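Structure record follows, encoded as structure tokens.
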Amino acid sequence: MTPSHLKMFGKENAMPEITKGVYFIPGQDEFIPDSHVYVIGMPTSQDLSIVDAGLMGKGGYKIQSVQKLGIKLLDIKRIIMTHTHLDHIGCLKEIRAQIPQAELWIHEEEAYPIERGDERGVYGMEMFRSMCQSQYGLKPGDFKFKVDRKLKEGEKLDIGGLSWEVLHIPGHSAGSIALYDRSRKVLIPGDVVYADYAIGRFDLHGADGAVLKNSLLRLAELEVEVLLPGHNRVVKGVKPGYIRDTAKQWAPYLE
Ligand SMILES: [Zn+2]
Ligand SMILES: [Zn+2]
């Protein structure tokens with residue numbers, strides 16, 4: 001989840017390839033935000049991954065955007081979730097209907113609840129759940145999925161001709177992960193840290209401010225040149241110390 005007053009700017013839409021083998025499909029926010037999607041993998045590898053899905057109703061747009069990149073749906077081998085909030089998992093079912101061969105990979109902390117049909121972490125709070133269920137006609141069990149691979153801290157994913165480290169960075173949600181390409185200094189942090197000194201909220205089910213602070217400090221140790229968050233602006237040419245400065249600004253609120 002993210003503050004909805006921050007909107008995408010159109011500029012990035014014109015340049016969907018952020019860097020070799022990393023493609024950007026901007027979210028289309030409604031009154032609830034729609035997460036960005038990143039497609040990762042070298043186009044010739046035929047081993048591509050989608051990172052996150054998005055809001056309910058946005059599956060068709062995301063799939064069309066993938067096709068517009070010239071990517072064959074059959075080459076998409078998996079969907080990796082940075083975490084399972086509604087604005088990321090909402091259209092997962094729609095997307096999977098178009099790419100049934102794709103596996104689903106989620107960090108173990110959120111994979112088990114998703115497999116059990118425990119949707120507290122999806123909706124984040126009870127009031128939001130009842131609002132969304134009436135607004136979108138959602139039913140209990142709509143976000144129950146079998147998870148093909150339960151990701152763990154420190155795993156190395158050599159996929160699509162690229163190499164990504166899985167970093168478990170809880171605090172925004174229990175099973176939030178970042179994907180980090182160390183050699184190219186590319187970070188996909190989900191909703192943990194955004195551009196413009198913003199961070200993810202830490203008041204929902206499974207969230208914890210003090211834990212989020214530690215996760216931010218951990219990300220601050222990384223060299224990051226390309227920051228690809230779940231919402232709002234993407235940043236190429238991140239200035240050194242950016243995540244550390246962000247963590248410092250928020251530290252008093254994260255106890
Ligand atoms: Zn989000
Ligand atoms: Zn989130």
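This one's a predicted model, so the numbers in the text were calculated from it and none came from an experiment. Numbering starts at 1 and runs along the sequence shown. As the structure lists them, so they are numbered: ligands from 1, and atoms in each ligand from 1.
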- Query: What N, O or S atom of His85 is found closest to the Zn ion (ligand 2)?
  - Reply: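 Looking at His85, the N, O or S atom with the least distance to the Zn ion (ligand 2) is ND1.
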- Please name the atom of Asp191, restricted to N, O or S, that is closest to the Zn ion (ligand 2). OD2
- Task: Give the atom name of whichever N/O/S atom in His231 sits closest to the Zn ion (ligand 1).
- Result: NE2
- Message: Please give the atom name: the N, O or S atom of Asp87 nearest to the Zn ion (ligand 1).
- Response: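 Nearest to the Zn ion (ligand 1) within Asp87's N, O and S set: OD2.
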- Mind checking what makes salt bridge (Lys or Arg N to Asp or Glu O under 4.0 Å) contact with Glu103, not counting sequence neighbours? none
- Query: Is the closest side-chain donor-acceptor distance between His85 and Asp191 under 3.5 Å?
  - Reply: no
- Ignoring hydrogens and geometry, is there a side-chain-to-backbone donor-acceptor pair from Glu223 to Arg184 under 3.5 Å? no
- Query: Which salt bridge (Lys or Arg N to Asp or Glu O under 4.0 Å) pairs, counting each pair once, include a residue from residues 238-255, with sequence neighbours left out?
  - Reply: Lys213-Glu255, Glu221-Arg244
- Tell me, please, if His88 has any N/O/S atom, main chain or side chain, under 2.8 Å from the Zn ion (ligand 1)? yes
- Measure from the ring center of His36 to the ring center of His88 and say whether it is less than 6.0 Å.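 Between His36 and His88, the centre distance exceeds or equals 6.0 Å.
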- Task: Take the Zn ion (ligand 2) as the vertex and measure to NE2 of His83 and NE2 of His172; round to 10°.
- Result: 100°
